[in-house]
Amino acid sequence: MDTEELTRKCKAITIREEDKAKITLEVNLKNKKEQMMARCLVGKALLTKGVNKDGLKAALQQVWRTFKEVKIESVGNNIFMFKFAKEADKKRVLKGGPWHFDRALIVLTKPRGIGDVAKQAFTHTSFGVQIRNVPLACMNKEFLQDLGRKIGSVEEVQTDDNGDCIGEFARIRVSIYITQPLEKILFLKQEGETDIPMPVVYKRLPDFCYGCRIIGHQYKECGKYQGQQRENLPYGSWMKAITVGGFIKRNQNKERWNYGAGKSDEKSACSENHSSPQ
């Protein structure tokens with residue numbers, strides 16, 4: 001019986017007031033518990049199947065490469081507590097995401113209060129996004145912040161040493177509300193002119209639904225899925241930004257495939273969603 005089911009059954013039992021077992025958490029003890037929680041993160045793996053703790057621990061410790069070992073404990077329903085020995089490790093992991101396991105997103109957050117799991121919200125994750133086709137005259141920090149707010153809460157607009165944003169595309173880091181569909185394109189309206197489309201792609205985007213653009217399930221699990229072939233779905237892997245590392249891996253795998261000694265394109269694309277930063 002999982003924790004949620006046990007909680008529901010307990011709430012359904014009627015108990016006389018004098019029989020209720022209550023423990024008061026003293027202020028000093030509460031402060032100590034909150035200090036302990038300050039060294040922790042809680043995370044949820046958005047998988048419809050159960051997550052193996054040992055597998056998760058091995059994968060994350062390999063890519064996080066923290067100075068001290070991170071203690072990882074399961075608290076049920078694919079939710080895990082990560083206890084860090086060093087504050088610097090915790091900050092680096094939190095800022096270095098998004099992180100994946102088994103091609104699914106791990107939503108990390110700071111625990112609230114003393115760490116009541118039921119009160120943790122696994123609804124936001126930070127992504128690096130690239131906005132393509134932005135006019136050169138609009139490549140300034142203020143305008144790009146306005147663009148980023150159409151996607152989520154802006155955390156950073158990437159600039160050069162002079163504070164300029166000139167480049168092939170705009171690079172912005174935003175905190176995204178992951179229970180909502182991902183933005184795929186923005187439009188710049190001009191009076192008397194055709195609207196300018198500005199596609200949005202996401203760095204290290206995990207598997208998501210090609211039917212509704214929501215992270216956390218596959219298209220065959222979606223209520224909007226009507227039996228279409230994958231290539232006929234409205235969205236796809238083109239919403240994932242190809243980094244330099246991913247581009248090299250993809251081309252290497254294609255070359256091996258052409259010579260009959262490698263993996264298919266579909267498998268090589270999966271390698272771009274590995275947990276390691278890109």
Side-chain angles (χ1 to χ4, degrees), residues 2-5 7 41-53 55-57 59-60 63 72 74-82 93-94 96-112 116-130 150-153 155 173-185 200-241 246 266 269-278:
D2 61 29
T3 304
E4 290 183 1
E5 180 65 19
T7 302
L41 294 174
V42 288
K44 183 172 185 178
L46 301 186
L47 277 169
T48 54
K49 61 183 180 180
V51 173
N52 179 275
K53 186 190 79 170
L56 176 70
K57 182 177 181 178
L60 290 182
V63 296
I72 302 176
S74 172
V75 294
N77 301 317
N78 284 352
I79 300 173
F80 298 85
M81 183 179 80
F82 306 90
V93 166
L94 195 58
W99 303 100
H100 311 157
F101 177 71
D102 199 11
R103 296 171 48 165
L105 179 67
I106 301 173
V107 184
L108 290 175
T109 185
K110 297 177 181 178
R112 298 182 180 181
D116 184 353
V117 175
K119 293 183 179 179
Q120 307 304 313
F122 301 101
T123 56
H124 289 78
T125 295
S126 296
F127 282 91
V129 302
Q130 298 173 357
K150 300 295 183 182
I151 303 169
S153 176
E155 297 177 342
R173 188 166 181 85
V174 294
S175 176
I176 294 173
Y177 190 36
I178 60 171
T179 60
Q180 298 296 317
L182 296 164
E183 288 289 349
K184 65 182 186 302
I185 193 167
V200 180
V201 295
Y202 299 79
K203 291 182 65 177
R204 293 162 59 190
L205 180 64
D207 283 353
F208 68 101
C209 179
Y210 291 176
C212 69
R213 287 179 286 142
I214 292 179
I215 298 172
H217 64 269
Q218 299 295 309
Y219 66 91
K220 289 185 178 179
E221 303 166 328
C222 185
K224 296 183 178 180
Y225 178 62
Q226 298 178 343
Q228 308 99 305
Q229 293 295 318
R230 179 174 175 173
E231 58 270 18
N232 295 329
L233 292 169
Y235 313 107
S237 59
W238 48 266
M239 291 180 65
K240 302 179 181 183
E266 182 177 358
C270 296
S271 68
E272 294 173 19
N273 294 324
H274 191 272
S275 302
S276 60
Q278 299 176 2

Worksheet item: Quick one: OH on Y235 to CD1 on I214, what's the gap to the nearest 0.5 Å?
Response: 10.5 Å
Worksheet item: Do the rings of F127 and Y202 sit parallel, tilted or perpendicular, given the 30° and 60° boundaries?
Response: perpendicular
Discussion item. Under the criterion side chain to side chain contact (heavy atoms under 4.5 Å, CB included), I'd like the reasoning laid out for I79 against Q120: C-alpha separation, chi angles, the key distance, then a yes or no.
Written reply: CA-CA 10 Å; I79 300 173; Q120 307 304 313; over 6 Å; no
Response to the item:
In short, V201 meets K240 closest at the heavy-atom pair CB-C, 4.3 Å
Discussion item. Do Y210 and Q218 make a side-chain contact, defined as non-hydrogen atoms from C-beta onward lying under 4.5 Å apart?
Written reply: no
Worksheet item: Can you tell if the side chain of V51 reaches within under 4.5 Å of the side chain of D102, non-hydrogen atoms only?
Response: no
Worksheet entry | Pair I176-E183, side chain to side chain contact (heavy atoms under 4.5 Å, CB included): steps then yes or no | CA-CA 10 Å; I176 294 173; E183 288 289 349; over 6 Å; no
Worksheet item: In Å, rounded to the nearest 0.5 Å, how long is the span from OG of S237 to CG of L205?
Response: 10.0 Å
Practice prompt. List the steps, then state whether side chain to side chain contact (heavy atoms under 4.5 Å, CB included) holds for K224 with Y219.
Written response: CA-CA 8 Å; K224 296 183 178 180; Y219 66 91; over 6 Å; no
Discussion item. Can you give me the closest heavy-atom contact between H100 and L60, atom names plus distance?
Written reply: O-CD2, 4.4 Å
Worksheet entry | With P98, the side-chain contact (heavy atoms from CB on, under 4.5 Å) member among I178, V107, T125 | T125
Practice prompt. Please tell me if the side chains of V129 and K203 come closer than 4.5 Å, counting only heavy atoms from C-beta onward.
Written response: no
Worksheet item: Out of curiosity, H217 NE2 to D207 CG, how far, rounded to the nearest 0.5 Å?
Response: 11.5 Å
Item to complete: Measure the CG-CZ distance between L46 and F208 for me, rounded to the nearest 0.5 Å.
Response: 14.0 Å
Worksheet item: Which pair of heavy atoms, one from S126 and one from R173, lies closest together, and at what distance?
Response: CB-NH2, 3.6 Å
Item to complete: In sequence, state the C-alpha distance, the side-chain angles, and the governing distance for T123 and Y177, and then conclude on side chain to side chain contact (heavy atoms under 4.5 Å, CB included).
Response: CA-CA 6 Å; T123 56; Y177 190 36; 3.5 Å; yes
Discussion item. I need the minimum non-hydrogen distance between C212 and P181, along with the two atoms involved.
Written reply: O-CB, 3.5 Å
Discussion item. Nearest 0.5 angstrom please: I106 CD1 to F122 CZ, how far?
Written reply: 11.5 Å
Fill in: Nearest non-hydrogen partners of L105 and P206, listed with the distance
CB-CG, 3.6 Å
Fill in: Distance-minimising heavy-atom pair for L108 and G43
CD2-CA, 3.8 Å
Worksheet, complete the sentence: Value for CG (N78) from NZ (K53), rounded to nearest 0.5 Å, stands at 13.5 Å
